[in-house]
Student: 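My structure is below; once you've seen it, I'll send some questions.
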Amino acid sequence: MAIHNSVLELIGATPIIKAQRLDTGVCELYLKLESQNPGGSIKDRIGLSMIEAAEKAGKIKPGDTLVEGTAGNTGIGLALVAQQKGYKLLLVVPDKMSREKIFNLKAMGAQVVLTRSDVAKGHPDYYQDMADRIARETPGAYFINQFGNPDNPAAHEFGTGPEILQQMAEAGGIDAIVFGCGSSGTMTGLSRCFASKSPHTELVLADPVGSILEEYINRGTLSDKSASWMVEGIGEDFLPPISDFTRVKKAYAISDKESFLTARELLEKEGILGGSSTGTLLAAALKYCREQTTPKKVLTLVPDTGNKYISKMYNDYWMLDNGFLERKSTGDLRDLILRPYSQRDTIVVAPNDLLVTAYQRMKLYDVSQLPVMDGDAIVGIVDESDVLLHVYGDEARFRDPVSTAMVSKLDKIDVSSPIESLLPVFDRGHVAIVVEGERFIGLITRIDLLNYLRRRVQ
């Protein structure tokens, strides 16, 4: 293996793995691991392409400020290149982006501006429009504009596409490729490459439910209405200026739930940790494969690593909260308890534990209150306010036992009580302590009730 002088030299030349344990029907399914790029996604390719092309054209020089609107990975790709080449970078990102991506961007020196994810193009808070406006209002700033930048698809026409064809030649060629579409750079670039070098390869689009692209491909109608979706980085509510859909003849609309569960299945069966869009692409690829009656060699992409989604789609509690994992209904208040005590999911402390232990567990598990358990009996509850009032003015009291600060007069609710019985508890500023007889079942907070009500709407 060669020794490299820069992390930028590691962009591209990503490996391909043949799926072994997924149900691919009569087809062979290959997975190109774009997650192996140094920034963790396929967007490293366009980050390098767009910045180097702007340099060659004399549009930017080190020290300048680059501005872009991004749903995540393009920002990380740009941050990687900007960091290595000496540019300042300001990114406008929608607020549905995972925390891991935002932390990643800030750690690389990018300035991050959060904006709304519930508005469409044309609204002043839409992330692309806001980025354009900030670039125009910032002296000397350069707007990358991935959605209208021809050097975006060029990265795939002259890089990713030939790379795939060369690799798949060892398997006997490629009959179909399944991809997603955000800025449309991947689709447009691969489409142009295959048109000249592998015209028989079928192009298949994987699209989140809520995006307008699946309808446009399959029915030829362009809707002016889109809905929201939670998968990051793909799907659109308009046709990007650089897009070329002429060779795409088939599209699948994949729900958030199917996307997340399919990505988790990929990890369970193939050991590949992919991101949310990976699940969308893989779900569409599996549908395509299972529909075929003659064997085909099908390739799809793992566009980014799942490391950026550990707190979301790989977090069972987040999946349960959002209704993506099913839990057997009991018909009582247990349906609202996110962390049942019987499953040892409830985060607890003992009365003799130190208050600093309670504080650390609240921080680690992002909870505001802890049941105080003496064996299997609940003897109290301690929350942030209890700890604060006890230690304020004398920080040494963090070493006091939990029993000195906990509330021992408990407001318990029987598990068979109606949901309405929670409201007076919340009105008093308390958390609901659910019991069955004397047995502690779990806690219900305001957000647990809100999540339950939202799941019923879904």
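Numbering starts at 1 and runs along the sequence shown. Computed from a predicted model, the values in this text were never measured in an experiment. Computation of the quantities below employed the complete heavy-atom set of this structure, encompassing side-chain atoms and omitting hydrogens, waters and symmetry-equivalent molecules.
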Student: Regarding Asn315 and Ser311, do their side chains bring together a donor and an acceptor under 3.5 Å, going by distance alone?
Tutor: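 Note: Asn315 and Ser311 side chains miss the donor-acceptor criterion.
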Student: Working to the nearest 0.5 Å, report the span between NZ of Lys106 and CD of Gln111.
Tutor: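 So the gap between those two atoms works out to 9.5 Å.
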Student: Heavy-atom count around Asp366 CG within 6.0 Å, excluding the residue itself: above 12?
Tutor: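 No, the 6.0 Å shell around CG holds no more than 12 heavy atoms from other groups.
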Student: With a cut-off of 6.0 Å (strictly less than), are more than 12 heavy atoms of other residues, nucleotides or ligands near CZ of Arg99?
Tutor: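 Not more than 12 within 6.0 Å, no.
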Student: Within a reach of under 6.0 Å around NZ of Lys88, are more than 12 heavy atoms found that belong to other residues, nucleotides or ligands?
Tutor: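 Counting other residues, nucleotides and ligands, NZ of Lys88 stays at 12 neighbours or fewer.
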Student: Measuring from Ser259:OG to Met230:CE, what's the distance to the nearest 0.5 Å?
Tutor: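 Those atoms lie 11.5 Å apart.
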Student: Find the distance between CZ (Arg327) and CG (Asp316) and round it off to the nearest 0.5 Å.
Tutor: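 Between atom CZ of Arg327 and atom CG of Asp316 there are 10.5 Å.
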Student: After noting the C-alpha distance and the side-chain angles of Glu163 and Lys32, does the key distance pass the side-chain contact (heavy atoms from CB on, under 4.5 Å) rule?
Tutor: CA-CA 10 Å; Glu163 190 178 302; Lys32 186 162 175 62; 2.7 Å; yes
Student: Hey, is the main chain of Tyr252 close enough, under 3.5 Å, to the side chain of Asp207 for a donor-acceptor pair?
Tutor: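 No: the side chain of Asp207 does not pair with the backbone of Tyr252.
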Student: Got a salt bridge between Lys85 and Glu55, using NZ or NE/NH1/NH2 to carboxylate O under 4.0 Å?
Tutor: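 Looking at Lys85 and Glu55, the cut-off is met.
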Student: Could you tell me whether Glu28 and Lys18 have a side-chain N and a carboxylate O separated by less than 4.0 Å?
Tutor: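 Between Lys18 and Glu28 there is a salt bridge, with a charged N closer than 4.0 Å to a carboxylate O.
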Student: Using modelled atom types and a 3.5 Å cut-off, is there a donor and acceptor pairing between side-chain atoms of Ser196 and backbone atoms of Cys193?
Tutor: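 Yes; judged by distance alone, with no hydrogens or angles, the pair exists.
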Student: Please walk me through it: do Phe324 and Trp318 pass side-chain contact (heavy atoms from CB on, under 4.5 Å)?
Tutor: CA-CA 9 Å; Phe324 299 137; Trp318 184 88; 4.0 Å; yes
Student: Got a sec: does the OH of Tyr365 have more than 12 other heavy atoms crowding it under 6.0 Å?
Tutor: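 Atom OH in Tyr365 is not packed in, count stays at 12 or less.
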Student: Within the 4.5 Å heavy-atom criterion, are Asp175 and His200 side-chain neighbours or not?
Tutor: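 Yes - at least one pair of side-chain heavy atoms lies under 4.5 Å apart.
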Student: Treating Ser243 as the side-chain partner and Pro240 as the backbone partner, does any N or O pair qualify as donor plus acceptor under 3.5 Å?
Tutor: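 It does hold such a pair.
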Student: Are Glu258 and Lys287 ion-paired here, with the side-chain N under 4.0 Å from a carboxylate O?
Tutor: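 Judged by the 4.0 Å cut-off on N to carboxylate O distance, Glu258 and Lys287 do form a salt bridge.
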Student: Applying the side chain to side chain contact (heavy atoms under 4.5 Å, CB included) criterion to Ile444, which one of Leu338, Ile419, Leu422 satisfies it?
Tutor: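 With Ile444 as partner, Leu338, Ile419, Leu422 yield a single side chain to side chain contact (heavy atoms under 4.5 Å, CB included), made by Leu422.
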Student: Starting at OG1 of Thr305, measure out to CD of Gln36 and round the result to the nearest 0.5 Å.
Tutor: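 If I round to the nearest 0.5 Å, the distance is 8.0 Å.
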Student: If only atom types and distance count, is the side chain of Glu68 paired as donor or acceptor with the main-chain N or O of Asn145 below 3.5 Å?
Tutor: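 Here the side-chain-to-backbone pair exists.
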Student: Using modelled atom types and a 3.5 Å cut-off, is there a donor and acceptor pairing between side-chain atoms of Gln146 and backbone atoms of Gly69?
Tutor: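 Such a contact is found between Gln146 side chain and Gly69 backbone.
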Student: Are the side chain of Lys249 and the backbone of Thr246 linked by a donor-acceptor contact shorter than 3.5 Å?
Tutor: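 A pair under 3.5 Å: yes.
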Student: Under the 6.0 Å and 45° cation-pi test, does Lys312 pair with Tyr314?
Tutor: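 So Lys312 doesn't make the cation-pi contact.
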Student: One thing to verify: whether Arg136 and Asp132 come together as a salt bridge, which I'm taking to mean a side-chain N less than 4.0 angstrom from a carboxylate O.
Tutor: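 Counted as a salt bridge, because a side-chain N and a carboxylate O are separated by less than 4.0 Å.
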Student: Considering only NZ, NE, NH1 and NH2 on the basic side and carboxylate oxygens on the acidic side, decide whether Asp95 and Arg116 come within less than 4.0 Å.
Tutor: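 Salt bridge: no.
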Student: Side chains of Leu325 and Leu261: does their closest heavy-atom pair fall under 4.5 Å?
Tutor: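 When only atoms from C-beta onward are counted, Leu261 and Leu325 do touch, with a gap below 4.5 Å.
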Student: Of the non-hydrogen atoms in Ala432 and Phe426, which two are nearest, and what is the gap between them?
Tutor: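 Distance-wise, the nearest heavy atoms are N-CE2, 4.1 Å.
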Student: Using a cut-off of 6.0 Å, state whether more than 12 heavy atoms not belonging to Tyr216 lie near its atom OH.
Tutor: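 Counting neighbours around OH of Tyr216, 12 or fewer heavy atoms of other residues, nucleotides or ligands fall under 6.0 Å, so no.
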Student: When you check the gap from the basic side-chain N to the acidic O, do Lys101 and Glu232 get nearer than 4.0 Å?
Tutor: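 The answer is yes: the pair qualifies as a salt bridge.
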Student: So does Lys121 get a backbone contact from the side chain of Gln128, meaning a donor-acceptor N/O pair under 3.5 Å?
Tutor: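 The answer is no, because no donor-acceptor pair under 3.5 Å joins these two groups.
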Student: Out of curiosity, Leu29 CG to Ile17 CD1, how far, rounded to the nearest 0.5 Å?
Tutor: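 It comes to 11.5 Å.
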Student: Apply side-chain contact (heavy atoms from CB on, under 4.5 Å) to Phe147 and Ile242, showing your working.
Tutor: CA-CA 6 Å; Phe147 288 83; Ile242 59 171; 5.7 Å; no
Student: Quick check against the 3.5 Å criterion: does Asn218 have a side-chain atom that pairs as donor or acceptor with the backbone of Glu215?
Tutor: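 No, Asn218 side chain to Glu215 backbone: no donor-acceptor pair under 3.5 Å.
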Student: When you measure from the side chain of Arg133 to the backbone of Pro124, do you find a donor-acceptor pair of N or O atoms at a distance under 3.5 Å?
Tutor: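 Yes: the side chain of Arg133 pairs with the backbone of Pro124.
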Student: Walk me through whether Leu8 and Val81 qualify under side-chain contact (heavy atoms from CB on, under 4.5 Å).
Tutor: CA-CA 7 Å; Leu8 301 184; Val81 181; 3.9 Å; yes
Student: If you round to the nearest 0.5 Å, how far is CG of Leu355 from CG of Leu388?
Tutor: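 Taking CG in Leu388 and CG in Leu355, the distance rounds to 11.5 Å.
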Student: Would you verify whether the NZ or CZ of Arg339 falls within 45 degrees of the ring axis of Tyr317 while also being under 6.0 Å from that six-membered ring's centre?
Tutor: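 Ring-cation test returns yes.
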Student: Under a plain distance cut-off of 3.5 Å, with no hydrogens placed, do Ser191 and Asp244 share a side-chain donor-acceptor pair?
Tutor: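 No, no side-chain donor-acceptor contact under 3.5 Å.
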Student: Short question: side chain of Asn37, backbone of Thr14 - any donor-acceptor pair under 3.5 Å?
Tutor: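 No; zero donor-acceptor contacts below 3.5 Å.
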Student: For Arg455, is there an ion pair with Glu326 - N to carboxylate O distance below 4.0 angstrom?
Tutor: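 A salt bridge is absent here (no side-chain N lies under 4.0 Å from a carboxylate O).
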Student: Is any side-chain N of the basic residue among Glu214 and Arg219 closer than 4.0 Å to the acidic one's carboxylate O?
Tutor: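 Here Glu214 pairs with Arg219 in a salt bridge, since their nearest N and O are under 4.0 Å apart.
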Student: Will you find, in the side chains of Lys308 and Asn73, an N or O donor that is under 3.5 Å from an N or O acceptor?
Tutor: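 A donor-acceptor contact under 3.5 Å links the two side chains.
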